[in-house]
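The figures here come from the full heavy-atom set of this structure, side chains too, leaving out hydrogens, waters and symmetry mates.
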Amino acid sequence: MRTERSRGNEYCSTDDGIAGQSTGRENTPAATGRADRTAIGVDLGEHNLYTACPSPMPDWKGAYAIPGDDLCARLDALRDRVAALLAGDADRETIVAHVRHRRAALLAALDDAAREICDYASAYDHPVLVTEDSHYEPDLWAWLTDPNAHRGTAWLLPTAHLRLRAVAAEYGLEAATVPVAYSSQECHGCGTIGDRRLHQTFRCTNPDCRVDTVYADYNAAKVLAQRYYPNQRCAYRPPRSLATDERAALVAPRSDAVDR
């Protein structure tokens with residue numbers, strides 16, 4: 001096993017899919033069974049673009065994070081520049097060329113980050129990258145022109161997800177998705193739905209759990225890794241006031257946590 005480490009539309013095409021590659025649920029090699037693979041949860045976000053944590057890692061501090069602040073700043077700058085071009089007398093071709101050039105540079109940065117994650121995963125035996133089951137489609141033009149668009153869900157996170165799967169295929173790594181419900185609120189140590197009032201911090205509310213307070217992205221990556229295996233779902237029993245579909249998402253059985 002590797003040594004632990006941590007770190008800290010109308011104007012342009014928005015087709016961020018990967019030509020010739022399926023973006024389906026699983027890309028599963030036939031060599032080993034699920035129980036024999038090392039699930040590596042990869043949480044996607046804006047503060048940390050990718051946060052990877054293997055299921056057997058005994059301590060969440062061994063998670064590996066790639067910051068996303070630079071990409072977010074570049075997307076913000078591109079949005080401001082496009083707004084200025086649209087408000088001025090720039091023609092359509094000028095705007096298209098500018099956006100395409102900047103988009104290509106952003107995709108190259110995403111690919112570099114995805115390769116770093118795949119390098120990290122490749123040091124483990126039979127690795128499988130596990131992400132949430134994302135339902136967002138990338139639409140760069142929406143981010144650039146819609147004042148209500150969210151930077152992450154409009155383009156950055158769905159594109160990061162697609163690029164990670166594409167690079168994983170180049171590496172010959174399996175990529176899988178798991179249900180996303182409550183993955184950012186579930187404690188990786190005991191399964192309790194905890195407190196995430198602060199964006200970057202998760203606090204377990206179970207007084208008997210050893211986890212206490214951790215970085216939210218690290219915790220979420222660990223939860224995603226655990227959900228790859230059967231019966232590794234939230235053990236929390238919610239109050240009756242929750243809707244039926246919410247209860248169903250929360251109370252699926254879960255065996256003892258891997259690192260208890």
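Connection of Tyr218 to Val180 is not established within any shared hydrophobic cluster, with ILVMFWY side chains joined at heavy-atom distances below 4.5 Å, either directly or through further cluster members. No path of Ile, Leu, Val, Met, Phe, Trp and Tyr side chains, each step under 4.5 Å between heavy atoms, connects Tyr136 with Leu162, placing them in separate hydrophobic clusters.
Nearest heavy atom pair, residue Pro127 against residue Leu173, reads CG-CD2, 3.5 Å. The minimum heavy-atom distance linking Thr38 with Pro56 is given by the pair CG2-CD, 4.0 Å. Nearest heavy atoms, Arg163 versus Ala114: O-CB, 4.1 Å. Between Cys190 and Cys204, the closest heavy-atom pair is SG-SG, 3.6 Å. Residues Leu106 and Trp155 approach most closely at CB-CH2, 3.8 Å, considering heavy atoms. When all heavy atoms of Ala109 and Arg74 are compared, the pair lying nearest together is CB-NH1, 3.9 Å.
Atom OG1 of residue Thr159 and atom CG of residue Leu140 lie 7.5 Å apart, to the nearest 0.5 angstrom. Rounding to the nearest 0.5 Å places SG of Cys53 at 10.0 Å from CG of Leu224. Distance OH/Tyr120 to CD1/Ile66: 11.0 Å, rounded to 0.5 Å. The structure places CG of Leu157 at 11.5 Å from OG1 of Thr131, a figure rounded to the nearest 0.5 Å. Rounded to the nearest 0.5 Å, atoms CD1 (Ile40) and CD (Glu174) are 11.0 Å apart. Interatomic distance, Leu85 CG to Asp91 CG, rounded to the nearest 0.5 Å: 10.0 Å.
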inquiry  = Would Tyr229 and Ser55 count as a side chain to side chain donor-acceptor pair (under 3.5 Å) here? Give the steps.
reply    = CA-CA 9 Å; Tyr229 302 105; Ser55 58; 3.3 Å; yes
task = Could you walk me through whether Thr177 and Val130 pass side-chain contact (heavy atoms from CB on, under 4.5 Å), step by step?
result = CA-CA 5 Å; Thr177 57; Val130 184; over 6 Å; no
task = Under the side-chain contact (heavy atoms from CB on, under 4.5 Å) rule, what do Thr51 and Val42 come out as? Steps first, then yes or no, please.
result = CA-CA 5 Å; Thr51 303; Val42 183; over 6 Å; no
key: From CA spacing to verdict: side-chain contact (heavy atoms from CB on, under 4.5 Å), Leu86, Ile95   = CA-CA 8 Å; Leu86 290 171; Ile95 298 174; 3.6 Å; yes
message = Show, in sequence, the C-alpha distance, side-chain angles and deciding distance for Leu49 and Leu156, and conclude whether the side-chain contact (heavy atoms from CB on, under 4.5 Å) test is met.
response = CA-CA 9 Å; Leu49 180 64; Leu156 181 58; 4.2 Å; yes
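Counting heavy atoms from C-beta outward, Arg151 and Cys72 have side chains that approach closer than 4.5 Å. In this structure, Leu129 and Leu164 have side chains that are in contact, with non-hydrogen atoms separated by less than 4.5 Å. Under the 4.5 Å side-chain criterion, counting only non-hydrogen atoms from C-beta, His98 is in contact with Leu78.
Counting only distance, with no hydrogens or angles, the side chain of Trp143 and the backbone of Thr153 share no donor-acceptor pair below 3.5 Å.
For the 3.5 Å distance criterion, the side chains of Ser122 and Asp119 fail to qualify, holding no donor opposite an acceptor. Of the N and O atoms on the side chains of Tyr50 and Asp43, not one donor lies less than 3.5 Å from an acceptor on the other residue. Between the side chains of Asn219 and His188, at least one donor N or O lies within less than 3.5 Å of an accepting N or O.
Sorted by first then second residue, the salt bridge (Lys or Arg N to Asp or Glu O under 4.0 Å) pairs that include residues 79-88, not counting sequence neighbours, number zero.
Residues passing the side-chain hydrogen bond (donor to acceptor under 3.5 Å, both in side chains) test with Asp217 are Asn48, sequence neighbours excluded.
Salt-bridge check for Arg227 with Glu186: passed, with a basic side-chain N closer than 4.0 Å to an acidic carboxylate O.
Geometrically, Arg34 engages Tyr228 in a cation-pi contact, judged by NZ or CZ lying under 6.0 Å from the ring centre and within 45° of the ring axis.
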